[in-house]
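Each remark here refers to the structure printed beneath this line.
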Amino acid sequence: MSSNTLASGGPVPSVGRDRRPGRKLPAKQLLGLAGIVGFLATWELIPRLGLIDERFLPPASEVILALGRDFGLTAFWLSVGETMVAWFLGLIIAVALAVLLGFIIGSSDFLRRATNSTVEFLRPIPSVALIPLAVLLFGVKIESSLMLITYAAFWQVLIQVLYGVADVDMVANNTAKTYGLGRMARIRYVVFPTALPYLMTGVRLAATVALVLAITAELVIGSPGLGREIALAQSGGAISGMYALVLATGLIGVLINALMRLIEKKTLSWHSSVRSEVIV
Amino acid sequence: MQPDPTPEAMLSVRGLKKVYQTDGGDIEAVRNLTFDLRAGELVCLVGPSGSGKTTLLKCISGLMAPTEGEVLLDGKRVSGPPKKMAVVFQEYGRSLFPWMRVRDNVELPLKNQGVPKAERDKLVDEALEAVGLAHVPRSYPWQLSGGMQQRVAIARAIAYQPEVLLMDEPFAAVDAQTRADLEDLIRTIWKKFGVTVLFVTHDIDESVYLGERVIILSSSPTVVQEDIVIDLPVDRDQLETRSLPRFTELRHHVYEQIQLAKKGHRPAAAGSPADSTAGSAAG
Ligand SMILES: Nc1ncnc2c1ncn2[C@@H]1O[C@H](COP(=O)(O)OP(=O)(O)O)[C@@H](O)[C@H]1O
Ligand SMILES: [Mg+2]
């Protein structure tokens with residue numbers, strides 16, 4: 001990318017060449033790997049040594065085998081699909097609503113002040129407190145999950161967008177005005193890019209929250225998806241299977257986070273939290 | 001009360017007053033300013049910090065309504081940002097958009113106006129060439145030095161093809177060497193594009209070196225202290241011009257006026273500097 005050409009074009013300090021930090025696995029990653037291995041080893045040993053009954057905590061190897069078996073099952077992937085559809089739809093609806101409302105409220109001092117206390121009141125309501133209402137309204141269908149996911153994810157994004165819109169630089173805005181950019185043009189070329197890093201943070205946080213709520217809804221309400229499978233496995237006594245599914249949700253969470261970070265990096269290459277060093 | 005603007009005035013500031021209303025009470029940033037710029041003139045406006053220079057430019061560029069008085073551009077009253085005007089701000093780092101590459105920054109105002117692509121490209125190339133930045137169009141502003149960033153801001157202003165160019169202490173934050181280069185760049189651009197320039201600065205040397213005319217502001221409450229013609233050769237050179245006896249004289253004069261203003265001495269006819277212009281022009 002040409003944005004990096006300039007930065008990397010500068011003189012390379014000769015000391016840095018010998019150490020070649022990129023070649024060997026960096027110490028940080030090695031440590032991370034050791035941590036995981038240690039964790040799995042401990043998990044394996046605890047039931048094997050009889051510290052905890054295998055009926056409640058099967059050894060790691062057994063759970064990983066069960067997960068491997070799941071990977072071969074269509075039913076497993078269908079459940080994953082159901083969870084991901086609810087997650088994705090809920091997230092999209094929440095982001096769309098939050099961006100729209102955030103930009104409208106954020107660009108008017110009056111609306112900002114008028115909505116402030118309402119936002120502060122509604123935001124802390126835990127989404128799970130709405131489960132009875134969701135069941136009442138939609139029963140055991142995906143709409144129930146969507147309602148909970150959307151509610152929880154919406155606030156994460158809205159708050160960030162409001163901060164982002166408020167962060168618009170006066171000089172940048174005045175510059176745009178003097179060059180004849182109207183309201184809409186300023187939103188597009190000044191306000192939106194300013195709010196984008198905030199929006200991306202909001203979406204990343206919302207993506208994680210949305211997954212939590214997707215699983216919760218399936219688990220508690222019984223709408224289709226991984227959460228319901230976890231509950232079914234538990235009641236059917238398939239304890240290794242239950243752990244395997246829990247592990248699967250964890251993996252999805254890790255993947256979602258990595259994906260969001262990647263998108264953030266790609267869209268915000270210019271932003272100071274991501275961009276390479278400034279040369280003067 | 002206000003004298004009529006001279007008929008050929010490009011930019012005309014009439015009895016301008018600006019009072020900021022704040023929670024802590026009213027702040028009178030500008031008391032009464034009246035002056036004209038003829039088309040194609042390069043005028044420096046010099047005044048101490050806090051004398052209301054930025055306030056004045058915001059009123060001229062239509063970002064802010066004056067409390068009293070008016071600004072006329074080509075005879076028409078300014079009520080919002082006029083199309084024929086470009087502003088270069090002191091804070092280049094905040095004035096350029098960090099999410100756009102250099103070229104896109106320069107191009108944006110033209111794109112927004114719906115200038116066709118081919119013409120846009122030509123204007124942007126020409127402007128980047130004129131400020132000596134034809135080689136970095138794909139860099140981001142923050143990858144450039146301060147002086148280069150201000151060049152980008154200047155390029156954006158020229159590409160916009162304004163009739164009036166306002167500059168608010170554009171070189172206050174760059175080092176001395178870069179500053180000298182940029183000063184010469186302004187003179188070159190002024191001659192090449194025939195634009196009317198109002199250059200605001202707190203630096204006395206800079207105002208005398210750059211301007212064809214210098215308007216001296218008093219300290220707050222702000223009025224025009226004096227309006228003098230700089231009768232130095234049109235072709236200026238950092239070493240030669242600055243060592244001319246006339247340069248030293250003019251610099252002394254401006255300095256004295258600012259000192260007088262600080263002591264509270266006000267010109268006899270505040271707000272009608274036409275006499276002093278005529279007087280100095282003769283001298
Ligand atoms: N937005 C504002 N609200 C209240 N007072 C202001 C505002 N902007 C400037 N001032 C005051 O007006 C005076 C002139 O400021 P300014 O125009 O920035 O002067 P200069 O550019 O010459 O340094 C100062 O006393 C400053 O504190
Ligand atoms: Mg200022």
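First the proteins, then the strands, lettered A, B, ... as listed; each starts at 1.
- Interatomic distance, B:Tyr140 OH to A:Trp270 CH2, rounded to the nearest 0.5 Å: 9.5 Å.
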Would you mind writing out the side-chain donor-acceptor pairs for residues 147-160 of chain A within the sub-3.5 Å range, not counting sequence neighbours?
{"from": "A:Thr150", "atom 1": "OG1", "to": "A:Leu146", "atom 2": "O", "distance (Å)": "2.6"}
{"from": "A:Tyr151", "atom 1": "OH", "to": "A:Leu122", "atom 2": "O", "distance (Å)": "2.8"}

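- More than 12 heavy atoms of other residues, nucleotides or ligands lie within 6.0 Å of CZ in B:Phe193, so this atom counts as buried by the packing criterion.
- Residue contact with chain A, scored on non-hydrogen atoms closer than 4.5 Å, involves the backbone of B:Pro82 exclusively.
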Next item on the list: Report the C-alpha separation of B:Trp99 and A:Leu196 in whole Å, then their side-chain angles, then the decisive distance to 0.1 Å, and conclude whether the side-chain contact (heavy atoms from CB on, under 4.5 Å) test is met.
Entry: CA-CA 10 Å; B:Trp99 45 85; A:Leu196 194 59; over 6 Å; no
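- The shortest heavy-atom contact between A:Gly180 and B:Asn112 is O-ND2, 3.1 Å.
- Closest heavy-atom contact between A:Met170 and B:Arg94: N-NH2, 4.4 Å.
- Checked by atom type and distance alone, the side chain of A:Asn174 never pairs as donor or acceptor with a backbone atom of B:Leu63 at under 3.5 Å.
- Residues B:Phe97 and A:Ala176 share a closest heavy-atom pair of CZ-CB, 4.2 Å.
- There is no contact between B:Met148 and chain A, counting heavy-atom distances below 4.5 Å.
- The distance from the CD atom of B:Gln113 to the CG atom of A:Leu181 is 9.5 Å, given to the nearest 0.5 Å.
- Proximity to chain A is limited to the side chain of B:Lys111, based on heavy atoms less than 4.5 angstrom apart.
- Between atom CG of residue B:Leu110 and atom OH of residue A:Tyr179 there is a gap of 9.5 Å, rounded to the nearest 0.5 Å.
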Next item on the list: Could you give me the CA-CA distance, side-chain angles and deciding distance for B:Ser95 and A:Thr175, then say whether side-chain hydrogen bond (donor to acceptor under 3.5 Å, both in side chains) is met?
Entry: CA-CA 6 Å; B:Ser95 179; A:Thr175 304; 2.9 Å; yes
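- For a residue to count as touching a neighbouring chain, one of its non-hydrogen atoms must lie under 4.5 Å from one of that chain's; by this rule B:Ala157 touches chain A with backbone and side chain alike.
- Distance check, rounded to the nearest 0.5 Å: NZ of A:Lys177 to NZ of B:Lys58 gives 9.5 Å.
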